[in-house]
Number of protein chains: 4
Amino acid sequence: MGETGGPRARGRPRSERARAAVLDAATGLLVSGGVQAVTMEAIAARARVSKSTVYKWWPTRGHVMLDSLAHAAGHALAAPARDGSLAGDLAAEVGALVRAFRDTAAGPLVADIVAAAQADPDVRAALDERWVRPRRAACARLLDDAVARGALRPDTDVPAAVDQLFAPVYHRLLFGHAALADGLAPTLVRQLLDGLGAGRCRPDGDR
Amino acid sequence: MGETGGPRARGRPRSERARAAVLDAATGLLVSGGVQAVTMEAIAARARVSKSTVYKWWPTRGHVMLDSLAHAAGHALAAPARDGSLAGDLAAEVGALVRAFRDTAAGPLVADIVAAAQADPDVRAALDERWVRPRRAACARLLDDAVARGALRPDTDVPAAVDQLFAPVYHRLLFGHAALADGLAPTLVRQLLDGLGAGRCRPDGDR
Amino acid sequence: MGETGGPRARGRPRSERARAAVLDAATGLLVSGGVQAVTMEAIAARARVSKSTVYKWWPTRGHVMLDSLAHAAGHALAAPARDGSLAGDLAAEVGALVRAFRDTAAGPLVADIVAAAQADPDVRAALDERWVRPRRAACARLLDDAVARGALRPDTDVPAAVDQLFAPVYHRLLFGHAALADGLAPTLVRQLLDGLGAGRCRPDGDR
Amino acid sequence: MGETGGPRARGRPRSERARAAVLDAATGLLVSGGVQAVTMEAIAARARVSKSTVYKWWPTRGHVMLDSLAHAAGHALAAPARDGSLAGDLAAEVGALVRAFRDTAAGPLVADIVAAAQADPDVRAALDERWVRPRRAACARLLDDAVARGALRPDTDVPAAVDQLFAPVYHRLLFGHAALADGLAPTLVRQLLDGLGAGRCRPDGDR
DNA sequence: GGTTAAACGAGACGGTACGTCTAGTCTTCGG
DNA sequence: CCGAAGACTAGACGTACCGTCTCGTTTAACC
C-alpha cells in the first residue's frame, strides 16, 4: 500500500511503456523464433529499451517470461463457467488449460518457463505460485467439496487426483507425444471419476 | 550387428574410455552442481577428454544427457517384476519410474533433458523415442490386454489413461509441488482403475 | 577534430587503460615469447582485459601489432636531426631505422607485422601507410630536392633509390643473414651516392 | 650420396608420387586460395595423401613450402646467361629474380616462407641457405672479381652492395608498395655502379 | 613363398586458439 | 531517480588445425 499512499515518488517515474514493451517483445520473440530467440539482448532490442532497464526490473529471463505469461494469457484465463455438475466443472477447468496451451502464447511460454525452472528454483517457485497453484486450487476445491458431500470416496487423495487431471495436459505440452485435442479434458475427467473398471455400477449417471 | 560383422574398421578405433568418461562426467556435474554446471567445456574437462571428441560424437549438450541417462539408469530400470494382477503390474511400472526419479540420477537427468527438449526438437524426439515411449508401451500393452479380455471398459482411451498414470510422476519431478512418495504409484493406479466415485460396486476386489 | 568538438558522447567512454594495456601486453609477449606467444587470448589475459574488448577495437592480431608499433616506437622515431648535407641527412634517416630495429621492440614488431601482412592485405596496406610511407617520403623529398638543384643526376629513379637505402635494412631484419651494424647506414648512402665504380672523379668531396 | 650407393633399402620405398602430389598441392593451394588456405590438412586432402605421410617427411608447413619452392621454381631459375659486362651480368641476376617473383609461383611462395620464417628459425635458416645464399653468392662473386681487377672501388662493402641490388626486389614483393617492373633490375644496377651524383666522369661508358 | 620392414591410408585423439555470442555490470549523459 | 547508450568483464559456444596415436594395408627386399 505504501507505494500509492505516500507522496509521489522522487525522480522520473517508471515507464509503463517500457514494461509493456518488454513483455510484448518477449512473447513475440518466443512465438516467432522459438526459445533460442528469446535472449535478454533480443528482448531489449525489440522493445527499444536498454538492457539495464530490463535487468533493473527482472532479474532473469525466466522472470520476464513469467510476467509475459501473466501479461499475455492472464485475461484469457479467467475462471471458466461453472454449470454445477462436478464432471462439467472439472472438464471446464481442464479444458480451459488445454485451449490456452493450444490456442494462445501460453503454451510456448509455459514450456519455456518450465525449462528455465529446472535451472532456477526461484522461477520454479514463482511458476508454481502464480500459475500452477491457482488452477490446482480451484480444482482441488471442487474435489474437496465433493468428498465432503459424499459424492466421492472419502479416501480420495485429492492432490494425486488433481495431478491425474492436469498433469496429462502439461505432459503433452512438454513432450509432444500426443495432441492437445478438444476431447481430452472430458475424457480425463470421465476416466478418473468413473474409473476404467468394466463392472461399474453408475452407468452414466453423475457426469 | 552389422557393425561387428564386417572387417575391422580402418583407422584408430573409438575410445570406449572416452565415451564412458564423458557420460560419467555429465552425470556427475549435474548431480553435484546442477544444470548450470553441465557445460560442454566442463564435461570435457572433467572427463579428461578434448572438446573436439565430445562434439565429434554428440552434437549437443542434450544428446550427451540423453546418453548419460541410458548410461546411468539403463540397467537400473529393467522390466519390473510382474505378479499377474493388472493393478499390481501397473503399480510396479509406475513405481519403478518413481524410484528411478527419486533415488537415482535419472531424476535430474530427465528434468534437464526435458528442459533442453523445449529448445531442440531433435532432443525432444530422442527423449520420447528412447525413454518415454518404451515405458508407455509396456503400460499400454497391459491396458490393451485388459480391455481385450473385458476387464476394462471398452471405450477406454488408453493413451489418456497411460498419461493419467505417468504424467503425475513427471509433473512432480518437473514442478516439485509435491514429493515423489512411495505410495504415489499404487494411489494413482487405484484411483484410475476404480474411479473416485463413492457409489462403487467393486468393494475391494480386483486390485 | 569532430570527435572532440561535439557534445560528449553518450554511454560509457572508452577505457584508455584497456587500450594501453593491450598494446603493452602485445609488445611484451612478442619480446618475451616470440611470435608464437602473441595470441589474442594471451594478449587479453596479460592485459587483464576481456577478449571481447580486444576484438571490439582490433579486428585482427595484425592490427594490434600495428598499434603496438606506433605505441612502442612512435616517440622514439621522431624526425632525426638534419645537418644540411645530403649524405648526412640520408644517413640519419636510415640510421634511425637501423637503431629502431636493433635497439627497440620495433624490430620484432615490424617483422611480425610483415609476416601478418602476407596473409592480410588490410594489414599490408596499414603497415605501408602508417610506417613505411612516412619514412620513405622523408627520404624521397631529400632526393627530389637534390635532383631539382642539380646535385643528383636528373634521370634518378627516386623510388628505386629509396629502396636501395631502406630495403637492405628490412632485408637484414627479416632474413637475418647479416647484422644491423652501426656502419650500415653511412655505407649504404655512400655506395649509392658515389657509386661503386673505381674511376670516380669526386675523390671524397661531397659526402 | 650414401643413400643411393648402398643396397636398396628394406621395406616399401618412399612414394615419389606422394612427394610430388604434396608439393603440387601446396603450391596450388597457395596460388588459388592465398596463405590462409595452405594448411597441413588441406595439403594432405588435396594431395590425396594421409596427414601422417606429410608429417613424416616435412616437420612444418614452412618446410613443405621450401620444398615446393624448389619444386616449382627450381628449373626456372638456372644460372642466367652472362654477357661478360659487369652491369649486364648483375642485371641478369637481379632480373631473373624479378621475373621469377612476378611470373611464377615463386613470388607467393617466398613471401609465405618469409612470413613463416619470422616464427621459425629453422625455416629462416633453410630459406637463407637454399634460396637466398646461392643467388647472393653468384652476385657477390661478380662484385668480388670486379674489385679484384680494379673495376670497383677497393673499399666496396660487397654484402651491402648485394643487398642494395636484391633487397629492393624482396621489399617490393613483401610490401607491395611498387610494382616489380621489367626496368627495375637495370635501374638498380646502374644507380649502384654509377652512383646518383651529378658530376660523374663516366658519361655512358661502362654500362 | 613366406617373412620382415617400412611407407602408406584412415581416422580418432588431446590440445589450443579462433572469433562469436550472451549474460550481467558499470559509467556516463540526458530527461 | 529513471531511462538510454554503450563499454566493460566473464566465460561458454562451436569450429578449425595442430601434431600424435593406433590401427590395418600395401609394397618391396630378403631368406
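First the proteins, then the strands, lettered A, B, ... as listed; each starts at 1. Not measured: the values here are computed from a predicted model.
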With a 4.0 Å cutoff (strictly under), does any side-chain N or O of D:Lys51 reach OP1 or OP2 of E:dG9? no
Which residue, A:Thr60 or D:Val49, contacts DNA chain E at a nucleotide closer to its 5' end, judged by nearest heavy atom? D:Val49
Think C:Arg17 has a side-chain N or O under 4.0 angstrom from the OP1 or OP2 of F:dT9? yes
Over 12 foreign heavy atoms within 6.0 Å of CZ, B:Arg48: no
How long is the line joining CE of A:Met40 and P of F:dG6, in whole Å? 20 Å
Specify the residue among C:Glu41 and D:Pro59 whose closest nucleotide of DNA chain F lies further upstream toward the 5′ end. C:Glu41
Side-chain-base donor-acceptor pair under 3.5 Å for A:Ser52 and F:dG6: yes
Judged by each residue's nearest nucleotide on DNA chain F, which is more toward the 5′ side, D:Thr39 or A:Ala18? A:Ala18
CZ of A:Arg48 versus C1' of F:dC2: gap in Å, rounded? 19 Å
side-chain N/O B:Thr53 vs E:dG14 OP1/OP2, d < 4.0 Å: yes
Could you tell me whether the phosphate oxygens of E:dA12, OP1 or OP2, come under 4.0 Å of any side-chain nitrogen or oxygen in B:Trp57? no
Tell me if a side-chain donor or acceptor on B:Thr60 pairs with a main-chain N or O of B:His63 at a distance below 3.5 Å. no
Exam field: side chain A:Gln118 to backbone B:Leu174, donor-acceptor pair closer than 3.5 Å: yes
Atom OH of C:Tyr55 and atom P of F:dA7: how far apart are they, to the nearest Å? 19 Å
Does the A:Ser32 side chain pair with the main chain of A:Gly28, one donor and one acceptor, at a distance under 3.5 Å? yes
Quickly work out the A:Arg61 CZ to E:dG24 C1' distance and round it to whole Å. 15 Å
Can you tell me the distance, in whole Å, between the NE2 atom of C:His63 and the P atom of E:dG19? 12 Å
For the pair made of CD in D:Glu16 and P in F:dT27, what is the distance, rounded to whole Å? 17 Å
Rounded distance in Å - NZ (A:Lys56) to P (F:dC2): 4 Å
Send over the distance from D:Arg12 CZ to F:dA28 P, rounded to a whole Å. 8 Å
Checking C:Arg61 side chain against C:Thr39 main chain: does a donor-acceptor pair fall under 3.5 Å? no
